[in-house]
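Below is one structure, written out as structure tokens, with a few remarks after it.
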Amino acid sequence: MGRYTDISSFVLIAEKGSFAAAALIEQVTPVVMGRRLTALEKRLGVQLMHRSTRGLVLTELGERYLEQCQQLIQDFDNADASITARRRSLSGHLVVSAPASFGRQHVAPHALSFRTRYPSLALSFNFTDSVVDLVREGYDMAIRIGEVTDPNYVAVRLFPNRRVVCGTPAYFDSHGVPRVPEDLVRHNCLAFNLQGGQHRGWTFVRDGKPFAVRVRGDLACNDGELLYQWVQQGLGIGWRSTWEIQRELKRGELVTVLDEYALPAYDIQAVYPQQRYLPAKVRYFIDDLRNHYHEPAYWEGQRTS
């Protein structure tokens, strides 16, 4: 177990940012955590972290190794949980938050089959486009679209997704095709209003660096489903997720523009609070959703709302 202890200690030190914080969780001294990191670096023959009076900083090799170790620990925990969890059926109450439109279309339809397999488990959903505080508001997990930066949360990718600018062929025939993001100022852009979170503009990437373009339009709301309908009706162009428009893209009812500037990843992710032992009910529901989303042609299927 010495090798696993060194690796798990390295991950904990990296995630918490200090020997002291990691030692508090492990209930050992900071010196012990430092020795574990040193032993790991000595065994690998590389430096994983820069140490200074200002703190700890991962080296380039350390960043890559951290990602692999995090996956390794998750796989190890999954292997244990797959055995222990099967000794008992899931029970209790699973409380899930998800974006409104996504939740209605791609979470709720799978709830009944999941509950059929685990009839002792109660399910509660809150579908809202507002970002909820999982711990404070009592949620077991959430579905988020896009990057998750809160260090108190663990994010598990369920399916790859991108954010693209799209519209109907008729709209672009009438108004022209934007060639660079700055051209959007001459288009009717249908966006979330201030409360919806797009007040900073639509985000793109150029030369590897993200930047935002402030857009304007004559229609705005905080309901993603309504924005989708407006775009589909040709009332303007939208900044939508590929999960939402895959069927329409395949049929040619919508087309994308500015693809070379699109964010490289705006993935569909399951998010849950950082904790030492992940409840089986959360793990199983995440696995169930991921299996559905990876079924052939799933995203080209019929919309359920």
Side-chain angles (χ1 to χ4, degrees), residues 98-106 129-131 143-149 157-269 293 297-301 303 305:
S101 181
F102 187 90
R104 288 193 298 268
Q105 296 180 52
H106 300 293
D129 289 323
S130 299
V131 177
I143 306 299
R144 300 271 170 87
I145 312 296
E147 185 180 12
V148 177
T149 58
R157 188 173 79 159
L158 299 178
F159 199 81
N161 176 65
R162 299 175 73 208
R163 208 79 190 267
V164 295
V165 177
C166 64
T168 63
Y171 174 89
F172 292 120
D173 286 344
S174 298
H175 299 86
V177 176
R179 302 300 178 185
V180 294
E182 289 78 5
D183 290 345
L184 292 174
V185 298
R186 296 191 291 274
H187 286 267
N188 192 35
C189 298
L190 311 176
F192 275 101
N193 58 19
L194 180 63
Q195 291 75 25
Q198 290 185 19
H199 55 285
R200 295 179 181 175
W202 292 357
T203 305
F204 301 92
V205 173
R206 179 186 283 133
D207 297 328
K209 297 180 180 180
F211 66 100
V213 174
R214 297 294 295 269
V215 298
R216 293 179 297 178
D218 57 13
L219 290 170
C221 72
N222 64 347
D223 185 327
E225 178 66 20
L226 183 55
L227 285 172
Y228 157 82
Q229 293 175 8
W230 286 343
V231 172
Q232 192 183 38
Q233 293 167 17
L235 303 179
I237 57 179
W239 190 47
R240 313 305 305 159
S241 281
T242 51
W243 70 260
E244 187 179 22
I245 60 173
Q246 206 61 252
R247 183 184 67 141
E248 288 72 18
L249 292 178
K250 186 174 182 179
R251 294 180 175 182
E253 297 169 359
L254 293 176
V255 295
T256 62
V257 296
L258 304 175
D259 290 347
E260 62 271 35
Y261 300 99
L263 293 173
Y266 205 78
D267 296 329
I268 302 164
Q269 305 199 72
Y293 298 162
Y298 173 86
W299 299 101
E300 289 87 33
R303 293 172 62 88
S305 63

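Basis for what follows: all heavy atoms, side chains included, without hydrogens, waters or symmetry-related copies. In this chain, numbering begins with 1 at the start of the sequence shown.
The CD atom of Q246 lies 9.5 Å from the CH2 atom of W299; values are rounded to the nearest 0.5 Å. A distance of 8.0 Å separates CG of L158 from CD of Q269, quoted to the nearest 0.5 Å. In this structure, CG on D207 lies 9.0 Å from OH on Y261, to the nearest 0.5 angstrom. Note that CG of L226 is 8.0 Å distant from CG of L219, once rounded to the nearest 0.5 Å. The distance from the CD atom of Q229 to the SG atom of C221 is 9.5 Å, given to the nearest 0.5 Å. Annotation: the span from R247 atom CZ to I245 atom CD1 amounts to 12.0 Å, rounded to 0.5 Å.
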| request: Could you check R144 against V131 for side-chain contact (heavy atoms from CB on, under 4.5 Å), going step by step and ending with a plain yes or no? | output: CA-CA 8 Å; R144 300 271 170 87; V131 177; 3.7 Å; yes
| request: Verify side-chain contact (heavy atoms from CB on, under 4.5 Å) between E182 and F211, making sure each step is shown before the conclusion. | output: CA-CA 11 Å; E182 289 78 5; F211 66 100; 4.0 Å; yes
| request: For Y171 and V231, run side-chain contact (heavy atoms from CB on, under 4.5 Å): C-alpha distance rounded to whole Å, both residues' side-chain angles, the deciding distance at 0.1 Å, then the answer. | output: CA-CA 9 Å; Y171 174 89; V231 172; over 6 Å; no
| Going through the checks in order, is the side-chain contact (heavy atoms from CB on, under 4.5 Å) test met by L184 and I237? | CA-CA 9 Å; L184 292 174; I237 57 179; 3.6 Å; yes
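Looking at F102 and S241, their side chains never come closer than 4.5 Å, going by heavy atoms from C-beta outward. Residues V255 and V177 have side chains not in contact (no heavy-atom distance under 4.5 Å, counting atoms from C-beta outward).
Remark: side-chain polar atoms of D267 are paired, donor with acceptor, to backbone N or O of N161 under 3.5 angstrom. Side-chain N or O atoms of D218 include none that pairs as donor or acceptor with a backbone N or O of N188 at under 3.5 Å. Proximity of a side-chain donor or acceptor of E253 to a complementary backbone N or O of T168 within less than 3.5 Å is not detected. Under the 3.5 Å distance criterion, the side-chain polar atoms of R162 are matched with a main-chain donor or acceptor of D259. Side-chain atoms of D129 do not come within 3.5 Å of backbone N or O of D223 as any donor-acceptor pair.
Closest approach of G103 and A98 over heavy atoms only: CA-CB, 4.0 Å. Of all the heavy atoms in R104 and E225, the pair that sits closest is NH2-CB, 3.6 Å. Considering every non-hydrogen atom in both P181 and F204, the closest pair reads CB-CD1, 3.9 Å. Between V164 and T256, the shortest heavy-atom contact is CG2-CG2, 3.8 Å. The nearest pair of heavy atoms linking P178 to F172 is CD-CE2, 3.8 Å.
Shown are Y298, W243, Y293; of these, the side chain to side chain donor-acceptor pair (under 3.5 Å) with H106 is made only by Y298.
In this structure, E248 does not pair ionically with R240, as no charged nitrogen and carboxylate oxygen lie closer than 4.0 Å.
Taking the six-membered ring where the residue is Trp, W239 and W202 present parallel rings, their angle staying beneath 30° rather than reaching 60°.
For R206, the CZ atom sits in a packed shell: over 12 heavy atoms of surrounding residues, nucleotides or ligands are nearer than 6.0 Å.
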